[in-house]
Undergrad: 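Before anything else, here's the structure in question.
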Amino acid sequence: MYNITLPSDEVPKHWYNINPDLPIELPMPIDGEGGHQVENLPIIFTKAVLEQEMSMERYIKIPKEVRDIYQRIGRPTPLFRAKSLEEKLNTPAKIYYKREDSSPAGSHKLNSALAQAYYAREEGVEKLTTETGAGQWGSALALACSMMGIECDVYMVKVSYNQKPFRKTVMELYNSNIYASPSMNTDVGRKINKETPEHPGSLGIAISEAIEVALANENTKYSLGSVLNHVMLHQTVIGQELKKQLEIAEEEPDVFIACVGGGSNFAGSMYPLIKDKLDGKIDAEFLAVEPSSCPTLTKGSYEYDFGDTEGFTPMLKMFTLGHDFIAPSVHAGGLRYHGMSPQVSVLAKANVIKPVSAAQEDIFKAAQLFASTEAIIPAPESSHALKIGIDEAKKAKETGEEKTIVINLSGHGLLDLQGYSDFLSGNLTQ
Ligand SMILES: *Cc1c(COP(=O)(O)O)cnc(C)c1O
């Protein structure tokens, strides 16, 4: 079977919350310097997502309207067998990939954006503010807000804003307002622009700007596209579908691979299977792949840190490179965050999952091999997972092992062609 699909009425009815199943109890968010960050959470976020953030309920019902829209935008997504890639590699391994690239916004991010925009509208919120790095989260939230009939302001990291002008076009088509961050709209942005006029921006700064706007305006809330528990939760539709599809294919994979930025596509695609591992039902490996230039899990320290640069968020216990870390302008903008989901951090700490890193040049080579065999141009972010998946398939060739490898293809790269062009012409910068 090369293409394993599920009918639309098999979109999951619940999200899976891993909180009650974590091997180490999740450390609570705490106030940092300046205080009041925890107290400010209800001003920043909608009630529904804050409840989900702390919930110990294992299965949380997906509202009917959200589930309905999941179906309208093409969920369940297919699971493909990478037969052409396998043949090219001449490997005995079987490679499967879950197609989150087939989402209309280009990545898995719409799964959480729709839920967050839905709850905001239900609570009478008029506008959501957010940050975006490469533009995928901004595009997803812009579309979700437009579908739910509320406004959306996106603060886009300046270096990406300049590298990816068409992302701005996408977000504007979806009726949202886009600002290059650091911007002149906020105190945080004005301060940074004054001190460092050429500042390239960072996700941490863009988050601070979006939160500042939400703190100052009554009917405005802030929305985050990764890292927090409720975002991981919303993404678990991917893994629940994947689990059913693997049953249909009669596969018990040896290794599951996804890239990690803040952790949401990894969490979403893997948690329902990680639960089976925690329950002792399967013995697979789970690899979380990050860029070697932003090595949060492989080189960061596990400690309390802020989620943003200015310190508006509470401190979260997570793997972090420090909240003032500025990652180099690599093309996989979606993986340039200094921190990591506290849940994913706990799973790494407890050795349930295994972090690995990949270099930019190598991930583009893997992407080209994948595109030229499987026809899909992958997002540079997703290509981190592809690179490690291809390495696993090559290892299987050496040992003759008939391994089964599953990769979450988190998004397509059709708006990342500048990066691909730089790669092909030998002009990639670190
Ligand atoms: C945003 C993004 C990522 C990284 O974010 P996570 O929250 O770690 O999933 C990965 N792949 C794509 C295509 C993205 O858009």
Side-chain angles (χ1 to χ4, degrees), residues 77 97-113 116 130-144 154 156-157 160 164 167 170-171 203 206-207 223-239 257-271 286-291 294-297 307 318-319 327 330-345 347-348 353 355 357-358 363 367 370 376-388 407-416 419:
T77 59
Y97 55 100
K98 177 75 169 152
R99 294 213 43 199
E100 290 305 299
D101 65 293
S102 69
S103 166
S107 77
H108 64 289
K109 293 206 169 72
L110 198 50
N111 299 328
S112 184
Q116 295 194 44
T130 197
E131 76 294 332
T132 196
Q136 287 107 327
W137 170 247
S139 305
L141 193 69
L143 175 57
V154 182
M156 183 169 186
V157 177
S160 299
K164 304 186 172 187
R167 271 290 170 194
V170 171
M171 291 184 264
L203 272 178
I207 295 173
S223 172
L224 186 64
S226 189
V227 183
L228 298 179
N229 303 343
H230 65 270
V231 186
M232 308 295 124
L233 173 81
H234 301 152
Q235 293 295 350
T236 57
V237 287
I238 309 173
I257 308 169
C259 65
V260 279
S264 77
N265 87 89
F266 177 87
S269 57
M270 307 290 154
Y271 279 1
F286 292 88
L287 305 183
V289 193
E290 59 188 11
C294 189
T296 316
L297 280 174
M318 60 185 175
F319 278 93
V330 291
H331 282 284
L335 304 181
R336 293 174 64 221
Y337 185 61
H338 68 272
M340 182 55 61
S341 146
Q343 290 176 342
V344 172
S345 296
L347 291 170
I353 65 169
S357 68
I363 69 100
F370 184 79
I376 299 159
I377 297 176
E381 290 84 358
S382 321
S383 304
H384 288 72
L386 292 173
K387 149 78 180 139
I388 299 301
I407 297 164
N408 188 44
L409 189 67
S410 52
H412 72 64
L414 289 172
L415 287 164
D416 299 285

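Numbering of ligands and ligand atoms starts at 1, following listing order.
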Undergrad: Is ligand 1 under 4.0 Å from a heavy atom in the side chain of Ser264, in the backbone, in both, or in neither?
TA: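 Both backbone and side chain of Ser264 come within 4.0 Å of ligand 1.
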
Undergrad: Do me a favour and list the nearest non-hydrogen protein atom to atom 4 (C) of ligand 1 with residue, atom name and distance?
TA: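 Looking only at protein heavy atoms, the one closest to atom 4 (C) of ligand 1 is Gly334 O, 3.4 Å.
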
Undergrad: Please evaluate residues Phe286 and Leu347 with respect to the criterion side-chain contact (heavy atoms from CB on, under 4.5 Å), reporting the C-alpha separation (whole Å), side-chain torsions for both, the decisive distance (0.1 Å), and the verdict.
TA: CA-CA 10 Å; Phe286 292 88; Leu347 291 170; over 6 Å; no

Undergrad: Would a distance-only check, ignoring hydrogens and angles, find a side-chain to backbone donor-acceptor pair under 3.5 Å from Ser112 to Lys109?
TA: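 It does not hold such a pair.
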
Undergrad: I need the atoms of ligand 1 closer than 4.0 Å to a non-hydrogen atom of Ser226, numbered in the order shown.
TA: 6 (P), 7 (O)

Undergrad: Between Val260 and ligand 1, find which residue part has any heavy-atom pair under 4.0 Å and reply side chain, backbone, both or neither.
TA: backbone

Undergrad: Quick one: does any side-chain atom of Glu381 pair with a main-chain N or O of Cys259 as donor and acceptor, under 3.5 Å?
TA: no

Undergrad: Mark the output for Glu100 as yes if a heavy-atom distance to ligand 1 is under 4.0 Å, and as no if none is.
TA: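 Outside the 4.0 Å threshold, so no.
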
Undergrad: If hydrogens are left out, which of Lys109, His108, Glu381, Gln136 has an atom nearest to atom 1 (C) of ligand 1, that is, the closest non-hydrogen atom?
TA: Lys109

Undergrad: Which ligand 1 atoms, with their elements, are less than 4.0 angstrom from a heavy-atom of Gly411?
TA: 13 (C)

Undergrad: For Ser139 and Arg167, what are the C-alpha separation, side-chain angles and deciding distance, and is it a side-chain contact (heavy atoms from CB on, under 4.5 Å)?
TA: CA-CA 7 Å; Ser139 305; Arg167 271 290 170 194; 3.0 Å; yes

Undergrad: Show your working on side-chain contact (heavy atoms from CB on, under 4.5 Å) between Val260 and His384 and close with a plain yes or no.
TA: CA-CA 9 Å; Val260 279; His384 288 72; over 6 Å; no

Undergrad: With atoms numbered from 1 as shown, which atoms in ligand 1 lie under 4.0 angstrom from a non-hydrogen atom of Cys259?
TA: 10 (C), 11 (N)

Undergrad: N/O of Ala379 under 3.5 Å from N/O of ligand 1, yes or no?
TA: no

Undergrad: For Ser345 and Phe319, indicate whether the former's side chain and the latter's backbone hold a donor-acceptor pair under 3.5 Å.
TA: yes

Undergrad: When rounded to the nearest 0.5 angstrom, what distance separates OG in Ser410 from CG in Leu335?
TA: 7.5 Å

Undergrad: Does Ser160 reach the main-chain N or O of Gly133 with its side chain, forming a donor-acceptor pair under 3.5 Å?
TA: yes

Undergrad: Got an N/O contact under 3.5 Å between Leu335 and ligand 1?
TA: no

Undergrad: Checking Glu290 side chain against Leu297 main chain: does a donor-acceptor pair fall under 3.5 Å?
TA: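 Present.
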
Undergrad: Considering only non-hydrogen protein atoms, determine which one is nearest to atom 12 (C) of ligand 1 and report residue, atom name and distance to 0.1 Å.
TA: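 Result: Ser410 OG, 3.4 Å.
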
Undergrad: Just distances here: any N/O of Gly261 and N/O of ligand 1 closer than 3.5 Å?
TA: yes

Undergrad: Using a 4.0 Å cut-off to any heavy atom of Ser107, which atoms of ligand 1 qualify?
TA: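 Per the distance check, 13 (C), 15 (O).
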
